[in-house]
Engineer: 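Sending over a structure as structure tokens; questions will come in a sec.
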Amino acid sequence: MLKRNRRKSLIIAVLLLLICAGGVIGQKRAASAQATLIKHVVVIMEENHTFDNFFGDFPGVAGTPSGLTEPAAPNPMAHDLNHSGPRAIAAIGGGAMDEFDPLGEVQYKNSVIPTYWAYAKHYGLGASFFSDAETNSTPNHIAMLAAQAGGDFGTLFVHGCKAPLNQLMLNRGTDGDESYSAPCYNINSIPKELTNAGLSWKFYGEAEEWNPLPFIEPLSSTPAHPSTQIITDAEKNQLPAVSFVTPTRYVDSDHPPQPTQPAQNFVASIVNSIMDSPAWSSTAILVTWDDFGGFYDHVPPPQVDGRGLGPRVPLLVISPWAKPGYISTQQGEFASFDKFIEENFGLPSLGARDSLAATSDLMDFFDFSNPSQPPNTKLIEPVLSYPSVLIPPDDARVAFRSPPKSTVLPPQGGPGTKFTYTVIYNNTAVPSVHNVVIDGNALTMKAGQAKDGETIYQAATTLSPGTHTYRFDFSAAGQSWKMPYNNVLYSGPVVAPFSLNGISVNSPGNAAGIGQLGQPFTVRVKYTSPSGATPTTANVVIDGVPHAMTGVSGSPAKGIVYKYTTSSEAEGDHYFQFEFNDGSGLQDFQEYGYSITPIVMQHSQVSPTSGTPSTGFTFSTVYFGPEMPAQADVVVDGKAHPMTDVSGDAASGATYSAQLTLAAGRHNFAFYATDGPDAWSAPHTPGVYTGLTVTANGKPPGHARITAPPLDTSPYPYDPS
């Protein structure tokens, strides 16, 4: 964990710069379509990088309050970083910027992202551009189209306005209060205003978590197009007035642990196709990244409201009318795209973040003073090659059923912990060398599951206390490959002189990881020290705030159980980790998540669990909440059926049930309840109970066991090096 008050003088300098720039930032720069000469606006949104992470040491930025030089990042990263809303809020720390994952305090250098740097040098770069919401993908993608997120504050694989009742989304109000509700938002958007004005638009990109259309009610039935279709449209000179582009393929997204080269090639392929088309002379291409991705940025984001702004992200402005090499320090955000489109095409304001005077309209990036001669030439970027023979395991999630989520797991441990190293080998030739090199020592890896020419290689070992480094070395048929590709060693795992295990989060009567608002919620962990050392520090850090834990039983050598109980956690999603010190130094341990809700449902079940189409199946649940629900349903195979209040009250538990007959086959079900302001589902969104079996009449009845979705209680990969 970063030391508190670190970089304080730099933060103060940045704040002073922002304050001094306020007069310029607040100036409205309205322009008509004729004045701007822009007929086509293309917004490309990639994934998960901060400004410091990509451009902190960029010429013209380095040495200024906008810049920061950090150690080189390995390419690709060892694993994804936690970039949830709770993690982002804790990382920002009210402007202290001191609670970021240390593994994210790294920087991609020019040699690793040459395409992005070339665009920044030749065209425009935003050095004071922020994500709209201090959380992850979906809310920021919604804001790209609507200058707000509608309240959404999380990212889940749900179906937006077409989602069944039991699929809920974390919401966050402008006051910062969190709740859970349907992932459907009846808000205005730039696509709707373009349509009203008779102007064309398209959304290119079919990846579910990066497609905001299903979440915006008036757009929820609008189909997305493949991301590569924009290239075809440009080649045919059929670009719409406004294009929004996100990657369809995960590998093109820049999302860790993906390498950077395919994302740069994806962006360059779109830019090059537009440059080679007649539309280039009248196009503005705006490239950004949707959220901080867990990476460090030193500039405190302005707090516009309880949802953000989030950490800085890069912005590239590519156009023949862009000022060459221009670096903007005007305060921008994703709503700036909407503001620019509004002013460029003469559209009304959406009345959201785009209406704020502090939100840049991006017009400062352009010079339209000489319409007879565009000042900026084409910059056709070449395709970048990269050695894709070795791949981080998350990249193979399509090829493998359950790949590990990191190149090393667990990311931390103690004496006796067995660490498993994993890499994907993407080659048909059997390797003669297949090693993970730990602290300079080669360890042979064994081949495991194989599919479609890719094979999982793994090795497991124990390690001595301390911080370690590793890389992967493979050879076959006279060729050799290394990962990371840029020869920057992976850092981790961290091995403490003690162990923490037996981690649990419990609230009476509820599933692990789910607590009821105002009721006791307990975090437990077992500390074991082979040397018999008693910890001098034993904290659980919840949303960045340390809380002392109490030892309740045991001894250091055999294990002491520590716990912390609270009834004051706010509604919403939270994260926690541990800080322990046995006298040899403070160690941070991993990251976990849990949810606090005012509504919970216990003893959710169906009886019987199997039958025939003539069987009456009774679905029941026990509801607890601040008041009786306005609605309670059982959702069978995605279809909601109302339930009846049988007995009890909200405080002590109200039983609800419904009896249904079902067609032959296997069925899933879930429970949903809302009291108006809040909603909840059992099992927690977006899961369902499975195993309910209906056998056709005249056939032997099936025997079924109802199964709840497994709750992911594993820690987020986290290396506090």
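All values reported here derive from a predicted model rather than from experimental measurement.
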Engineer: Between CE of Met144 and CE of Met45, what distance do you get to the nearest 0.5 Å?
Structural biologist: 4.5 Å

Engineer: Does any N or O in the side chain of Thr50 come within less than 3.5 Å of the main-chain N or O of Tyr296, such that one atom is a donor and the other an acceptor?
Structural biologist: yes

Engineer: Where do Gln261 and Asn75 land on the side-chain hydrogen bond (donor to acceptor under 3.5 Å, both in side chains) test, with the steps shown first?
Structural biologist: CA-CA 9 Å; Gln261 291 93 335; Asn75 181 40; 3.1 Å; yes

Engineer: Measuring from atom CD1 of Ile318 to atom CE of Met275, what distance do you get when rounded to the nearest 0.5 angstrom?
Structural biologist: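 Going from CD1 on Ile318 over to CE on Met275, the span is 6.0 Å.
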
Engineer: Could you tell me whether the side chain of Leu286 reaches within less than 4.5 Å of the side chain of Thr288, counting heavy atoms only?
Structural biologist: no

Engineer: Restricting to non-hydrogen atoms, name the atom on Phe129 and the atom on Ser336 that form the minimum distance, rounded to 0.1 Å.
Structural biologist: CE1-CB, 4.2 Å

Engineer: Do Ile92 and Pro311 make a side-chain contact, defined as non-hydrogen atoms from C-beta onward lying under 4.5 Å apart?
Structural biologist: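 Yes, close enough: below the 4.5 Å cut-off.
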
Engineer: How long is the straight-line distance from CZ of Arg249 back to OG1 of Thr228, given to the nearest 0.5 Å?
Structural biologist: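 Output value for this atom pair is 9.0 Å.
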
Engineer: Of all the heavy-atom pairs spanning Pro257 and Ala78, show the shortest one and how long it is.
Structural biologist: CB-C, 4.3 Å

Engineer: Please state whether the rings of Phe54 and Tyr108 are parallel, tilted or perpendicular, taking 30° and 60° as the class boundaries.
Structural biologist: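 Perpendicular.
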
Engineer: Under 4.5 Å between any side-chain heavy atoms of Ile285 and Thr283, yes or no?
Structural biologist: yes

Engineer: How close do Ala234 and Ile274 get, counting heavy atoms only, and between which atoms?
Structural biologist: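 Scanning both residues completely, I find the closest heavy atoms to be CB-CG1, 4.1 Å.
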
Engineer: Is there a donor-acceptor pair closer than 3.5 Å between any side-chain N or O of Thr422 and the backbone N or O of Thr407?
Structural biologist: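 Between the backbone of Thr407 and the side chain of Thr422 there is no qualifying donor-acceptor contact (under 3.5 Å).
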
Engineer: Is a donor on one side and an acceptor on the other found under 3.5 Å between the side chain of Thr248 and the backbone of Pro226?
Structural biologist: no

Engineer: Ignoring hydrogens, what is the shortest heavy-atom contact between Ala496 and Phe589? Give both atom names and the distance.
Structural biologist: CB-CZ, 3.6 Å

Engineer: Between Lys405 and Asp80, is there a side-chain N and carboxylate O pair less than 4.0 Å apart?
Structural biologist: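 Looking at Lys405 and Asp80, the cut-off is not met.
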
Engineer: Should Val61 and Leu68 be marked as a side chain to side chain contact (heavy atoms under 4.5 Å, CB included) after you check the CA-CA gap, both sets of side-chain angles, and the distance that decides it?
Structural biologist: CA-CA 8 Å; Val61 173; Leu68 179 72; over 6 Å; no

Engineer: State, with a plain yes or no, whether a side-chain heavy atom of Phe130 is found less than 4.5 Å away from one of Arg312.
Structural biologist: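 With C-beta onward as the side chain, the pair touches.
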
Engineer: Quick one, Tyr421 with Tyr457, criterion side chain to side chain contact (heavy atoms under 4.5 Å, CB included). Give me CA distance, side-chain angles, the key distance, then yes/no.
Structural biologist: CA-CA 8 Å; Tyr421 294 84; Tyr457 276 79; over 6 Å; no

Engineer: Answer yes or no: is there a donor N or O on one side and an acceptor on the other, between the side chain of Asn211 and the main chain of Phe203, under 3.5 Å?
Structural biologist: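 Pair absent, no side-chain N/O of Asn211 close to backbone of Phe203.
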
Engineer: Lys323 vs Asp367, test: salt bridge (Lys or Arg N to Asp or Glu O under 4.0 Å). Steps then yes/no.
Structural biologist: CA-CA 6 Å; Lys323 298 174 184 176; Asp367 181 0; over 6 Å; no

Engineer: Hey, is Arg353 close enough to Asp132 for a salt bridge, meaning N to O under 4.0 Å?
Structural biologist: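 Salt bridge between Arg353 and Asp132, a charged N being under 4.0 Å from a carboxylate O: yes.
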
Engineer: Is the Phe51 ring parallel, tilted or perpendicular to the Phe55 ring (thresholds 30°, 60°)?
Structural biologist: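 Aromatic pair Phe51/Phe55 classed tilted.
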
Engineer: Quick one: CZ on Phe365 to CZ on Phe340, what's the gap to the nearest 0.5 Å?
Structural biologist: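 With rounding to 0.5 Å, CZ (Phe365) is 10.5 Å from CZ (Phe340).
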
Engineer: Can you spot which of Ser131, Ser253, Ser137 makes a side chain to side chain donor-acceptor pair (under 3.5 Å) with Asp290?
Structural biologist: Ser137

Engineer: Give a yes or no on whether the backbone of Asp52 and the side-chain of Gln107 come within a donor-acceptor separation of less than 3.5 Å.
Structural biologist: yes

Engineer: Could you pull out the closest heavy-atom pair between Met445 and Val436, with the gap in Å?
Structural biologist: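 Taking Met445 first and Val436 second, the nearest heavy atoms are CG-N, 3.6 Å.
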
Engineer: Is the ring centre of Tyr204 less than 6.0 Å from the ring centre of Phe244?
Structural biologist: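 No.
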
Engineer: Measure from the side-chain N and O atoms of Glu47 to the backbone N and O of His255, and report whether any donor-acceptor pair falls under 3.5 Å.
Structural biologist: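 Not at all, since once roles are kept as given, no pair shorter than 3.5 Å links the two residues.
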
Engineer: Donor-acceptor pair, distance only, cut-off 3.5 Å: does the side chain of Asp439 make one with the backbone of Thr469?
Structural biologist: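 Yes, because the side chain of Asp439 sits within donor-acceptor range (under 3.5 Å) of the backbone of Thr469.
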
Engineer: Kindly say whether the aromatic ring centers of Tyr116 and Trp289 come within a distance under 6.0 Å.
Structural biologist: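 Yes, the ring of Tyr116 comes within the 6.0 Å limit of the ring of Trp289, centre to centre.
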
Engineer: Minimum heavy-atom separation for Tyr250 to Pro256, with atom names?
Structural biologist: OH-O, 3.5 Å

Engineer: Is a side-chain N or O of Asn426 found less than 3.5 angstrom from the main chain of Ile391, in a donor-acceptor match?
Structural biologist: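 Here the side-chain-to-backbone pair does not exist.
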
Engineer: Using 0.5 Å steps for rounding, measure from the CG atom of Asp101 to the CG atom of Asp588.
Structural biologist: 9.5 Å

Engineer: Using a 4.5 Å cut-off on heavy atoms from C-beta on, say whether the side chain of Tyr123 contacts that of Ser319.
Structural biologist: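 They are not in side-chain contact.
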
Engineer: With a 4.5 Å limit on heavy-atom distance, are the side chains of Tyr490 and Pro76 in contact?
Structural biologist: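 Yes; the side chains approach each other to less than 4.5 Å.
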
Engineer: Could you state the interatomic distance from CD (Glu333) to CG (Leu309), rounded to the nearest 0.5 Å?
Structural biologist: 4.5 Å

Engineer: Would you call the rings of Phe295 and His49 parallel, tilted or perpendicular if under 30° counts as parallel and over 60° as perpendicular?
Structural biologist: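 If you compare the ring of Phe295 with that of His49, the planes turn out parallel.
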
Engineer: Do any N or O atoms from the side chain of Gln264 and from the backbone of Thr115 form a donor-acceptor pair under 3.5 angstrom?
Structural biologist: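 Judged by distance alone, yes, a pair lies under 3.5 Å.
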
Engineer: So do Phe292 and Asp297 actually touch side chain to side chain, heavy atoms under 4.5 Å?
Structural biologist: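 Side-chain contact under 4.5 Å: no.
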
Engineer: With side chain to side chain donor-acceptor pair (under 3.5 Å) as the test, pick out the partner of Asn136 among Asn48, Asn82, Thr155.
Structural biologist: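 Single pass found, and it is Thr155.
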
Engineer: Look at the aromatic rings of Phe578 and Phe576 and report parallel, tilted or perpendicular, splitting at 30° and 60°.
Structural biologist: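 Perpendicular, since the angle between the ring planes exceeds 60°.
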
Engineer: Show, in sequence, the C-alpha distance, side-chain angles and deciding distance for Ile380 and Asp276, and conclude whether the side chain to side chain contact (heavy atoms under 4.5 Å, CB included) test is met.
Structural biologist: CA-CA 9 Å; Ile380 303 295; Asp276 284 336; 4.0 Å; yes

Engineer: Are the side chain of Lys339 and the backbone of Thr359 linked by a donor-acceptor contact shorter than 3.5 Å?
Structural biologist: yes

Engineer: Side chain to side chain contact (heavy atoms under 4.5 Å, CB included) for Phe472 and Tyr425? Distances and angles first, verdict last.
Structural biologist: CA-CA 10 Å; Phe472 298 94; Tyr425 177 70; over 6 Å; no

Engineer: Are Lys482 and Asp473 within salt-bridge range, i.e. N to O under 4.0 Å?
Structural biologist: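 Salt bridge between Lys482 and Asp473, a charged N being under 4.0 Å from a carboxylate O: yes.
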
Engineer: Report yes if the side chains of Thr69 and Lys109 come closer than 4.5 Å at any heavy-atom pair, otherwise no.
Structural biologist: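 Yes, close enough: below the 4.5 Å cut-off.
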
